[in-house]
Amino acid sequence: MRTHSCGELRPEHAGTTVSLAGWVATRREHGEKLAFVDLRDHTGVTQCVVDNSVDVRPEFVVRVTGTVAARPAENVNDKLPTGGIELQDCVVEILNAAEPPPFPISERADTVAENTRLQYRYLDIRRERMQRNLRIRSAVNSAIRRAMEDQGFVEVETPMLVPSTPEGAREFIVPSRQQPGSFYALPQSPQLFKQLLMVAGIDRYYQIARCLRDEDLRADRQYEFMQLDAEMSFASQDDVHAAIGAAVLAAAQAVGQDPGDIVKITWHEAMNRFGIDKPDLRFGMELQELTDVFASTEFKAFAGAVCIKGINASGKADEYGRNKLDQMTDKAKKMGAKGLVWLKVAADGSFESPVAKFLSADETAALTARLDAKPGDLLLIVADQWTTACEVLGTLRNDIGRPPVHQGPYRYLWVVDFPLFVGVDEASGRPKPGHHPFTQPHPDDVHLLETDPLQVRSQAYDLVLNGWELGSGSIRIHQPDLQARIFGLLGISQEEADRRFGFFLNPFKYGAPPHGGFAFGIDRLVAILAGEENIREVIAFPKTQSGQDPMTNAPTPVDAKQLDELGIRVLPPKA
RNA sequence: GGUCCCGUGGUGAAGUUGGAGUUCACGCCGGCCUGUCAAGCCGGAGGUCGCGGGUUCGAGUCCCGUCGGGACCGCCA
């Protein structure tokens, strides 16, 4: 049907007769005998010189047969890769007519309401931007597959209809026809199955897996999303990081990027330096320790504080007026801080601040040195519990300094040694698992499990890119006695564990190898690699924030007959 | 569950302290035009200002509600 694509002809093809097929991009009329038609496919655009009597309009599907001609120098279009040639003596065959599209099939549609783009997604995808994004996604997927296969990982598909488990995210539920009143759940992740594959001797498992979570949607979250899911037997944390790192490297290289070295820092260091467990390393403004500076201060807000930390928003003094500083203070208080101290550095190096008069000369000098304060800088200080001080300043650091996620450079890092438990459940007084209850504690901290559980580090880790959490993983518990200890701490009895996790835990009695794994979000990775801020831009048919699809109108009511068969009755809407 | 922003011909935008007949660009339709390339020129059609209620002599504009979209908080072991 076609001999070439619309993006490949060059002056060296001059003289050959070719056939192109595609969509009419634009038409430029020049009188009775002459018109230019730009023919478009996913590879590009080629100008065809046609007789003006040919009645084709934008988005008509046509086949054009003609002769490639080099354009004279004055007619070359430098903006097009094919701008050195055009098709002459064209025979145009209309394969399908088309109504005018609701929005232009070009970069001009970037400003069209997203709802409209989603309603006509098949036209939106016809655009260069979406073509590019989906092709990047495909290249990333295949590069990841190749990298995993090369490392001896075996792709195993796991079921979509799985039992409901009460932990974690809210699940999508699927009614059973043969067992009315019983339900399947759609998997939040293949977590349980992949660990059983380790018991089963698969040794290295991976899957580009669809996961489903019924939680509110965001720029980086859809109900359905794809993960590179992997699990390894007889592997250390470092083994897992190396394997996943190779997949990330392959993905980046597939789009012509170099991820550089993946830095590794502990969770404690991340909190201490950046105030967040997914630090964005593209900018400085690190948290500085100030507790010692104010060890014997007269300033009441700082005196006796467990932890005092500060950041220097360099050069931001003028940008942040009283109003913005008040908003920042409110935010700090909402996050649990007792307050926020700000100081602006004046031209002579002195501090402009409501609290400047409470600081001694020594303290002022030490503060200036510690934060490397220069005229025009804005200093922000929080005195509180360590966690609060870090988190508040980490949030302000991101608010003030963080560039859009897709803006290079790309700074990948592993965050390791997450705490095994995060805080205490108010109702039960029990510690809450940070990752999931099957996470292996750090070997050096196991002895603290019963005495000081909140100090126990885990063998859990996150992969972070430019402040976005790409994914997380852990070394799992494979010893039933250790698992029982953890359940004991969580207040889960043997009976309850059997009931809730029995099908998962019983297999571990039959020879479970030490194992660990990881999963990262492909949508997020592809979005960043494609330079998009929103994962919907790299998903062919995404849902809106309210979980609807403007193209298919899903979700929709179903027939009473269908509900009947499933033994389901729908309650009337709440008044 | 909450906070904030948005909704005006097919598309994107403008519309002042509430005041005459909503404005502009692109697109669309018709005409002219032999070298354009987002062609150009002339003419034309196209609107429930998301929807409902209220205030007012008068509402695109103000108020309340509602629907839809987006960003974020909660949530996402």
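Bear in mind the structure is a predicted one, so any value in this text is a computation, not a measurement.
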Can you check the distance between rG69(B) and rC32(B), where both ends of the measurement are the C1' atom (answer in whole Å)? 43 Å
Assign R170(A) to base, sugar-phosphate, or nothing according to its heavy-atom contacts below 4.0 angstrom with the strands shown. nothing
Quick check: on RNA chain B, is the nucleotide nearest K543(A) upstream (toward 5') of the one nearest R71(A), or the reverse? Name the residue that is more 5'. R71(A)
Select from P58(A) and N75(A) the residue whose nearest nucleotide in RNA chain B is closer to the 5' end of that strand. P58(A)
Checking all strands, does Q545(A) fall into the base, sugar-phosphate, or nothing category for heavy-atom contacts under 4.0 angstrom? base
Residues H478(A), M198(A); criterion side chain to side chain contact (heavy atoms under 4.5 Å, CB included); working and verdict: CA-CA 10 Å; H478(A) 62 278; M198(A) 297 301 99; over 6 Å; no
Between F193(A) and Y205(A), is the ring centroid distance below 6.0 Å? no
Is K324(A) positioned over the aromatic face of Y320(A), cation under 6.0 angstrom from the ring centre and no more than 45 degrees off axis? yes
Which is true for E86(A) with a 4.0 Å heavy-atom rule: it touches a base, it touches only sugar-phosphate, or it touches nothing? base
Give G83(A) one of three labels, base, sugar-phosphate or nothing, depending on what nucleic acid heavy atoms sit under 4.0 Å from its own. nothing
Under 3.5 Å, which protein N or O atoms sit close to an N or O of nucleotides 65-68 of chain B? Give each pair with its distance.
none

Could you give the CG-to-C1' distance, from L212(A) to rC76(B), as a whole number of Å? 13 Å
What are the residues of residues 214-221 of chain A, sorted by number, that bring a heavy atom to within less than 4.0 Å of RNA chain B? E215(A), D216(A), R218(A), A219(A), R221(A)
Rounded to whole Å, please give me the gap between CZ in R27(A) and C1' in rU36(B). 13 Å
At under 4.0 Å between heavy atoms, what does K334(A) touch on the DNA or RNA strands: base, sugar-phosphate, or nothing? nothing
If you take the centroid of each ring, where Trp contributes its six-membered ring, are F418(A) and Y461(A) closer together than 6.0 Å? no
Distance, nearest 0.5 Å, that separates CD1 of I522(A) from CZ of R210(A): 11.0 Å
Y223(A) atom OH is separated from rC75(B) atom C1', nearest whole Å, by 12 Å
Scan nucleotides 9-11 of chain B against the protein and return all N/O pairs shorter than 3.5 Å with their distances rounded to 0.1 Å.
residue: rG10(B); atom: O2'; partner: P102(A); partner atom: O; Å: 2.7
residue: rU11(B); atom: O4'; partner: P102(A); partner atom: O; Å: 3.4

Should N534(A) be listed as having a side-chain N or O under 4.0 Å from OP1 or OP2 of rA71(B)? yes
Could you tell me the separation between the CD atom of Q88(A) and the C1' atom of rU34(B), rounded to a whole number of Å? 13 Å
rC29(B) phosphate, OP1 or OP2, under 4.0 Å from R57(A) side-chain N/O: yes
Distance test, side-chain N/O of Q47(A) to OP1/OP2 of rU36(B), below 4.0 Å: no
Output yes when at least one side-chain N/O atom of R28(A) is less than 4.0 Å from OP1 or OP2 of rU36(B), else no. no
Rounded to whole Å, CD of E114(A) lies from C1' of rG12(B) at a distance of 16 Å
